[in-house]
Amino acid sequence: MYVDLGSALDATPGVSRDSLERLDDQVATAHDRIEAGRNDHDHGYAALNLPARVDLDAIRSAVAPFADAEAVLTVGIGGSGLGAATLANALAGPDDPDAYVLDNVDPEHVARLLDSLPLARTAVNVVSKSGTTVETLSNFLVVREAMADAGVDWTDRTLVTTGESGNLRQLADAHDLPLLSVPDGVPGRFSVLSSVGLAVAAIQGHDLDAICAGAADTADGLSGSLFETPAYAYGAATYALAARGATTNVMMPYAERLETFAEWFAQLWAESLGKDGLGQTPARALGATDQHSQLQLYRAGPREKVVTLLRPTHRPDRPIPETDLDGLSYLGGSTLGDLIDAEFGATEASLAASGVPAIRVEIDGVDERSLGALLYGMEAACVLYGELAGVSTFTQPAVEWGKRAARGLLGGGDVPAAEAVEDRASLRIDP
Ligand SMILES: O=P(O)(O)OC[C@H]1O[C@](O)(CO)[C@@H](O)[C@@H]1O
C-alpha cells in the first residue's frame, strides 16, 4: 500500500508538512502503545498479529468438504460478512464458486436469493462472533429450512465460524459441523485476516498464504514515523484533517473489484472511530462512476470532506476501438485503463484545484498479496487514528440500544427501549 499526501497539503481544510512533522512525535508514542498492545495480545491490538498467527491449515481442512461447491452463501452481518465479501468480490475468478452474502433480513431479497441458489451444491458459511446476532441466526434458520424443503441435508452443506461459546457453537457441536473459531481479542471489523474473512477465499481457491504475506509485509513495516509507514501516514493525515474540519472521508476506489472494500472500510472507520462526539464519517463512492453523480458536491459543496482515491497501478486492460465518431478520435490507440487512470489523475487534480483535500492510495494490483497489504494497512491506520484521537477503538457500545429495542418489540423480554420506540414523537404528513 502506497500513500501520497501531496494533495492534502495545501487544501482547506488541509495539513501542512510542518504540522505532520509535529504530529509525528505523537505517532511515535502511539506506535509504542500499539506494539505493547500487540506484544501482550491485548483485545483489539491482537488483530494486528493475525498475519503471523492465523492457522491457514485449519481453515483449509474445515472447508475441504465444500470443494464441490458451485456457490458460497455467507450468512453474517457487519464484520462477519464484509471481510469475506471484500476478498470474494475482489479476487473472484471465472471458475470460482459464486459468492453471496446474506447480511440483511429483507424477506423478499432473502426469498429471491434462496430461489436462485443451487442449494444442493451451495456451501453455507454461517458466521457470528457472538453467536447471538438476531439477523444472522434468523437468516440461518430460514436457509436451513429452505435446504430441508429442497431435500438437501443442511448438515452436509454448513460451515460455522463463531466465538468460544453461544448458539452457533452449540449447534455445530450438536451436529458435528465443520467449525472455525473467531480468534480471541479480535473485534469483528478487524477479523478479515482470520477464518472469518479467509474461509470463503479458501473455498474459492485463493492463495491464503499470499494474502497473509502481503499483510505480514505491512506489519513488518510499521515503525514510529508516519514518514516511513504508509498505513500510519494515512491514519495520521485523516486524523489531522478531521481535527481541521474534514469530518467526512469519501473512500473512492477506481476499480469495480474494490467496491465492496469501500463498504468494509466504512464499517471499520465508523464503528471504530465514531465515539465521544468524534469520528470521521465514511462515505462510499466508486471511480470513475461517481464523478458523474457526487463530484459536484465534493468540489463545490460543504468544506468538510477528504477524498481517498484508491487504485491498482496494474490491471488487465482493454483497448478502445478506433473510431471516427465526432470528438472521439483522440481516443484512438488508448485503452480503458488509460482512460480510468486519466480520470483518476484528473479527479485528484480537480479536487486540489478547488482546495479539497485528497489522499492517493495505490496498490500494485487487485491480487491476494496487494489485498492483504491494503486490508492490514487500513486496519493499522484505523488503530493509529484511534490512538491519536484517544477513543476506545475496539468497542461499539452505541449499537446495543437498538438491538435491545428490536428484541423488546418482538417480545424478547420487557425492554424499556421498546417502549421508547412505541412512544416516539410523530409528525406524519399523509398524501
Ligand atoms: O459477529 P457478530 O457477533 O454476529 O456481530 C456482527 C456485527 O455486529 C456488530 O457487533 C454491531 O452490531 C459488529 O461489531 C459486528 O461486526
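Indexing begins at 1, ligand by ligand and atom by atom, following the structure's order. Computed from a prediction, not measured in an experiment: that's the story for all the values here. For reference, positions follow the sequence shown, starting with 1.
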(message) I want to know whether Tyr232 and Phe227 have ring centres closer than 6.0 Å.
(response) no
(request) Apply the side-chain contact (heavy atoms from CB on, under 4.5 Å) test between Ile359 and each candidate in Leu309, Leu241, Asp4; give the one that qualifies. (result) Leu241
(request) Say whether Thr136, considering both its backbone and side-chain N or O atoms, lies within less than 3.5 Å of an N or O atom on ligand 1. (result) no
(message) Quick check on contacts: which atoms of ligand 1 are under 4.0 angstrom from a heavy atom of Val399?
(response) 11 (C), 12 (O)
(request) Answer yes or no on whether Arg38 is positioned over the face of Tyr45, meaning its NZ or CZ is under 6.0 Å from the six-membered ring centre and within 45° of the axis. (result) no
(request) Measure the distance from atom 16 (O) of ligand 1 to every protein heavy atom, then report the residue, atom name and distance (to 0.1 Å) of the closest one. (result) Gly79 N, 2.8 Å
(message) Around atom CD of Gln296, are there more than 12 heavy atoms from other residues, nucleotides or ligands closer than 6.0 Å?
(response) no
(request) Using the six-membered ring wherever Trp is involved, compare the ring planes of Phe265 and Trp269 and label them parallel, tilted or perpendicular (cut-offs 30° and 60°). (result) parallel
(request) Between Glu135, Lys129, Glu271, flag the one that comes closest to atom 11 (C) of ligand 1 by a heavy atom. (result) Glu271
(request) Verify, without hydrogens or angle tests, whether Thr162 (side chain) and Ser128 (backbone) share a donor-acceptor contact under 3.5 angstrom. (result) yes
(message) I need the atoms of ligand 1 closer than 4.0 Å to a non-hydrogen atom of Lys403, numbered in the order shown.
(response) 10 (O), 11 (C), 12 (O)
(request) Taking the side chain as every heavy atom from C-beta outward, state whether Val127 and Thr136 have any atom pair closer than 4.5 Å. (result) no
(request) Just need the protein heavy atom nearest to atom 5 (O) of ligand 1, so name the residue and atom and give the distance. (result) Thr133 OG1, 3.5 Å
(request) Look only at interatomic distance and state if Gly78 has a nitrogen or oxygen under 3.5 Å from any nitrogen or oxygen of ligand 1. (result) no
(message) Within ligand 1, which atoms have a heavy atom of Ser80 less than 4.0 Å away?
(response) 1 (O), 2 (P)
(message) Show the atoms of ligand 1 that are less than 4.0 angstrom away from any heavy atom in Ile77.
(response) 6 (C), 7 (C)
(message) Can you name the atoms of ligand 1, numbered from 1 with element, that are less than 4.0 Å from a heavy atom of Ser130?
(response) 2 (P), 3 (O), 4 (O)
